[in-house]
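Some notes on the structure that comes next.
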Amino acid sequence: MLTKPSLLKKIALLLTTSVLITCTNPVAPNFDFIEDLIYIEGFIGTEEGSSYVKVSKSDVALYYRNIFVSGASIFFVNSDTNERVELFEDDAHYLPAYNFKGNFGERWSLEVNLPNGNQYLSEIETINSTVPIKELSFKYDKKLEFVDDYDKFLPGHEVSVTFDDPENEANYYFWRSKTYVKKNICRICHDGKFRDNDCTKEPSNPYQYYYFTYRCESDCWQIDYNNKIFIFSDEFSNGATTSSLPVANILLKSRSNILVKIEQFSLTKSTYEYYKTIKDLIENNGGLNAPLPAALIGNMYNPQNSNEYVLGRFTATSASTKSIFIDRSQVEEFPIEAPIKSSQEPPPDNVVEAPCEENRYSTLIQPEGWIN
Amino acid sequence: MDKLIHTQMKQIRCWLLFLVLGLASQSFLAQTHTLTFKILDEQKKSFEGAQIILTPCSCGGVTDTKGEFSIALPKNTYTAKIYFVGYKTIERKITLDQSKSIQLTLIESQEQLSGVILKAKRISDRLETPQMGALQISAVELVKMPAALGEVDLLRSMTLLPGVNNAGEVSNGLSVRGGSLDQNLILYDYAPIFNPTHLFGLFSVFTPEAIASSDLYRANIPARYGGRVTSVLDIKVKNPYVDKVKLSGGIGLISSRLSIEMPLIKDKLLLYAGTRGGFTDFLLPLFSKRLENTRARFYDHTIKLLYLPTEKDQISYTNFFSKDFYQLDLISQVENINAESNQYDFKTFNNTLNWTHTFNDDSNLRTIFLLSKYTPKTLFPERDNSNVIEYESQINLLSIFSEYSKKVSNNFNYYFGLQGKKYEIKPGNLDPGSGNSIIPVTLDHETSYELSAYTNLTWTPFEQLTLSGGLRFNNFSFVGPYTKATFDEETEEIINVTEYGKGKKVKTFNDIEPRLGANLKLGENTSFKASYARLNQYLHNIYNTTTPLPTSRWKTSDQNIKPQVSDTYSVGIYQNLIDNTLEVGIESYFRDSRNNLTYKPGADFFLAEFLERDVVQAKGKAYGLEFSLKKPKGKVNGWINYTWSRTFLKTDSDKLRDRISNNQWYPSDFDRPHVFNGTVNFEGDKYNTLSFNFTAQTGRPYSIANAYFDIEGVSIPVFLERNNTRLKPYHRLDLSWRIKYSKKLDRRWVGDWTFTVYNLYSRKNSNNIFYTKRNGDINSHIFLGSPLGSYELTIMNSPLFAVTYNFVFD
């Protein structure tokens, strides 16, 4: 016998054949580019090697691109001691000496002098003390997040933090997460083979439109970065313990075990507002109450021309870090991405392994907290 | 062979039968007479569609556009019954011994009412007659209009009128002549409605059966209205002038409704009560996967009690209550409250007490006391426990006004009145419940008083010219308790605070608003109208999105937020053509406005103590030309209108980051250069009414990025210009088919089925286009080399079929 709701559902289905109330469809992205916009991103961290500055400029001569501005003279300026730390150009970045790091309570600003004579300064940033992460936890959710690209809710783990917010001060938080998953395949070569530490294309490749996979020579971990913006202000919870606040969504891309490293940053109010704007631009923009888009103007300015839009910002901050290991072997749902099918070179003279690369997306150093 | 003989015999039999019948009919026709009915209404105009039943022949028909119906009948004595819903049934005995023509007049059924009620109704009708310049949708017209999901909807129907628009399929109000949603005052039996919609803006809160009339004033706004800068939508609840019980209602997929009108004490105390509810949210996931976690329920009721203590006094009390609850993934969450979800719960509670005293046929005194309370709440169920954090705000409006009106002669009438309002706004109260993760926050209540005096006179110096002149004076005061903060210009940090005690005046505005109108008749069928109106707006809805959430904040003017001001000039020419069967109108307007509310980029108003830091007041200009053609009567009736209009805003901020489009004029969210609406009703027979509505307009302006840059590996769009492009054009065709199935015309129960199709040809109209992060190669054939993906949000993008059963028991 039909229950009342199921009967109504059947009636509704009958009456609403092929009806969709809401729907998102992919469309070609549309832009109205402006040339010569300056974008400056500066960062001072409390760990050695973490500080950097990037300067780029929009260019629409052939197609839109952001060109790295080379030859600039750049300084971190300590506002209390007037110490000037020079940065040097290195692989499309400006970097200070490796052993440079900021310290709690220090006040810094950024000075950028471009080759064309334009100067850009930042407002002063204070490095706030870090609030430690008290606890990390995770929870599996079959419908963790709706993703337009897949047009459905995707499964995954929600990682949450618990922390004690310090009393008598305004605190602003930002979380960045990195995930480590053990890799089996360290290299994939399309239209060629792995030789001399690289994929070499074969002129008369009999395997065109095919690929070869190469196992990792040693233990190797793939690093991924969560690209959602997680921020929090204690404006309604000053001095309270904040429990189980989600700070990372780990979508079920595979069932392999995963280590999640959470960095908890203490921001200034203006930096928090900057990240809030980014969040509105890229995450809160698809709903019925989408905020009106805002210019991503931070704390940089041109002292000679107050009417020039200077995009980006300078941030000086500190972070506390904690990791959590998630065993995903018992998850029942299918991963959202199909695993890479192994395809080894046919013998003879076949190569089956490749070394683990050490870069932003891969490491052979076992991450702290990994459980074998 | 047998078969051939059989066929020939059959043909002979058929021929003989035809011959016999032919002879018989010749004989029959020789004895028939023609009976012709001519049915008129009380104004002696032809009555189309009256139903005529004759016995004993059990025959009849419906009168044509000339009000006529003819039938040939044999000599006999017949009983004729003439019906039309809402009119008194006529019954006549007719001896048909020769061809006859009978003329009869149908009288509205209210005319059967007692003298006391009839007189009260006539006074009310006279007082409620809209002033010059109103655009009207009558209750009868409203029912004909097709709407989404079978629901007759006042606000959606209003958008079919020239110059009236909204923010899209999901819009929490009306935009009139390019104004923002909060610049249109919506009154429901005199009490303002702060949130006029249910279900995220899909339906308006007004139960169709409760509506007596709806008048929209856009240009010549009478002096009795004030408080919003573009327009006034004045909706009146029907007065229950009845002497017996009348039930009406409807059962639909989305909502069901029931109304009752009845006398409680004969000729003394009369009641109207109507209610509507929608509890079918469990169906929503069938429509879209995105709506899986959606909960949406609503309910509203209107109760009106009419007391007639004497022949000269009428006292009515109207109570309106509306409540919504919903949870929707398509709404971004409030930041900084750690909750499982955000749920929206809001209610309107309005009360109007109206005493009308009639001195004589030409003068009346109307005194109205009203209380309008709007309480939006956001609920935050905490994670991992059962506690619910509540955020609540409230607007309390208390108002009293008294208006004397007098008709001195047929050429001169006037009214004057006094109005007092008290606004009490509770901007926000955050209640942590039993939990301890949130600290309680209560923002200071805001209190304001508005005293207004107004007068309006209408003078017809000669037959061709009617002039109306009005003046409204407003004294608006914002009083303490209030904390005035001074901010550092660079850092925007508070550097000084001044406290104002309870009741102490913080800021006062005195404003005079002239209202002028002229109507010049140029010949029998042509008239020229011109008007000017100045309006001030002291109450503002604060939101930094394309359409406000029901929970968005309201704020009265104070030291920092100046009243919005507009000057609207309008001229128009109107002509009745082809024996008054067609009405043509062309109207143009220009509105110059100041202090329009816009917001600094990235503004966030949730529980913000000092809103002024994020508010920018902009100059505005709007202009347009509206063309309308209406055929109000006939089997095929309807209207078309076309509007060309523009509306722009311009900020004037010193600080670069506070500027919108670098202080250049930019199109407002409601800028729609071309709008076309067409509605056609086919009222072919007594059982079927078929209506089509077509609307087409330029797409809404929205912003596309001027650049993108990588931040921590994610491409972020950069916007320096606002509304620098448009969504694709919006168009849609709707169908409504109303079927009266009852053949017994004298039944007290009259029902009809309304079958509607919204968006008949599946137009995928954009609600928004937004950028997304790329997920690998997904949709790479569409996104190509762009580091950002892009999606179009569409709402109601397939034909939306719905069926509703409506009934009247009279």
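Computation of the quantities below employed the complete heavy-atom set of this structure, encompassing side-chain atoms and omitting hydrogens, waters and symmetry-equivalent molecules. Naming: A, B, ... by sequence-line order, numbering from 1 per chain.
- For B:Tyr391, no part lies under 4.5 angstrom from a heavy atom of chain A.
- A distance of 10.0 Å separates CG in A:Leu154 from CG in A:Asn249, rounded to the nearest 0.5 Å.
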query: Do A:Phe232 and A:Phe174 pass the ring-ring contact (aromatic ring centres under 6.0 Å, His included) test, and can you show the C-alpha distance, the side-chain angles, and the key distance before you say yes or no?
result: CA-CA 7 Å; A:Phe232 189 77; A:Phe174 168 70; over 10 Å; no

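- Put simply, the residue from A:Thr241, A:Asn171, A:Leu245 that forms a side chain to side chain contact (heavy atoms under 4.5 Å, CB included) with A:Phe163 is A:Leu245.
- With a 4.5 Å cut-off on non-hydrogen atoms, A:Ser243 touches chain B through its backbone but not through its side chain.
- A:Ile297 touches chain B through its side chain: at least one heavy atom from C-beta onward sits under 4.5 Å away, while N, CA, C and O do not.
- B:Tyr791 and B:Phe783 have perpendicular rings, their planes meeting at more than 60° on a 0 to 90° scale where under 30° would count as parallel.
- Between A:Phe265 and A:Phe230, the ring centre distance reaches or exceeds 6.0 Å.
- Proximity to chain A is absent for every atom of B:Asn759, based on heavy atoms less than 4.5 angstrom apart.
- Under the 30°/60° scheme for interplanar angles, the aromatic rings of B:Phe606 and A:Phe236 are found to stand perpendicular.
- A ring-centre distance under 6.0 Å is not found for B:Phe719 and B:Tyr708.
- Judged purely by distance below 3.5 Å, without hydrogens or angles, the side chains of B:Asn429 and B:Thr442 pair a donor atom with an acceptor atom.
- Among the candidates B:Val714, B:Ile716, B:Asn436, B:Asn723, the residue making the largest number of heavy-atom pairs closer than 4.5 Å to chain A is B:Ile716.
- When each of B:Asp654, B:Ile769, B:Asp710 is scored by its heavy-atom pairs under 4.5 Å with chain A, the top score falls to B:Asp710.
- Within the 4.5 angstrom heavy-atom criterion, no atom of B:Glu609 approaches chain A.
- For A:Tyr274, the part lying near chain B is the side chain, with the backbone staying farther off; criterion is any non-hydrogen pair under 4.5 Å.
- When each of A:Asn284, A:Asp165, A:Thr242, A:Asp32 is checked for heavy-atom pairs under 4.5 Å with chain B, A:Asp32 comes out on top.
- Atom CD of A:Glu158 and atom OG of A:Ser137 lie 8.5 Å apart (nearest 0.5 Å).
- Neither the backbone nor the side chain of A:Tyr172 comes within less than 4.5 Å of any heavy atom of chain B.
- Heavy-atom distances place both the backbone and the side chain of B:Ser437 under 4.5 Å from chain A.
- Both the backbone and the side chain of A:Lys228 come within contact range of chain B, with heavy atoms under 4.5 Å apart.
- Interface residue A:Glu123: only side-chain heavy atoms are found under 4.5 Å from chain B.
- For B:Lys655, no part sits under 4.5 Å from any heavy atom of chain A, backbone or side chain.
- For chain B, the nearby part of A:Ser306 is the backbone; its heavy atoms alone come within less than 4.5 Å.
- Within the 4.5 angstrom heavy-atom criterion, no atom of B:Ile389 approaches chain A.
- The choice from B:Val441, B:Leu607, B:Ile782 that makes the most heavy-atom pairs within less than 4.5 Å of chain A is B:Ile782.
- Heavy atoms closer than 4.5 Å to chain B are found in both the backbone and the side chain of A:Ile282.
- Interface residue B:Glu721: only side-chain heavy atoms are found under 4.5 Å from chain A.
- In this structure, the separation between OG1 on A:Thr271 and CD1 on A:Ile231 is 11.0 Å, given to the nearest 0.5 Å.
- One side chain, A:Glu308 or A:Tyr120, offers a donor N or O that lies under 3.5 Å from an acceptor on the other.
- Heavy-atom distances place the side chain of B:Asp384, and not its backbone, under 4.5 Å from chain A.
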task: Report the C-alpha distance between B:Glu792 and B:Lys728 in whole Å, list the side-chain angles of each, state the deciding distance to 0.1 Å, and finish with yes or no for salt bridge (Lys or Arg N to Asp or Glu O under 4.0 Å).
output: CA-CA 11 Å; B:Glu792 176 187 56; B:Lys728 64 190 180 190; 3.2 Å; yes

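- For A:Asn307 and B:Arg659, the side-chain atoms include at least one donor-acceptor pair closer than 3.5 Å.
- In summary, the side chains of B:Arg383 and B:Asn338 do present a donor paired with an acceptor at a separation below 3.5 Å, with no hydrogens or angles considered.
- Per-residue counts of heavy-atom pairs under 4.5 Å with chain A were compared for B:Ser762, B:Ala339, B:Ser790, B:Pro787; the largest is that of B:Ser790.
- With a threshold of 4.5 angstrom between heavy atoms, A:Tyr225 does not approach chain B through any atom at all.
- From B:Ile795, atom CD1 reaches atom OG1 of A:Thr24 across 11.0 Å, with rounding to the nearest 0.5 Å.
- Contact annotation for B:Ser715: only backbone heavy atoms (N, CA, C, O) come within less than 4.5 Å of a heavy atom of chain A.
- Looking at A:Glu41, only its side chain comes within 4.5 Å of chain B, counting heavy atoms on both sides.
- The aromatic rings of B:Tyr599 and B:Tyr543 lie tilted to each other, with the angle between the two planes from 30° to 60°.
- When heavy atoms are compared at a cutoff of 4.5 Å, A:Glu337 does not approach chain B at all.
- Of the residues considered (B:Leu784, B:Asn779, B:Ile337), B:Asn779 shows the highest number of contacts with chain A, using heavy-atom pairs under 4.5 Å.
- The contact between A:Val147 and chain B is made entirely by side chain atoms (from C-beta outward), counting heavy-atom distances below 4.5 Å.
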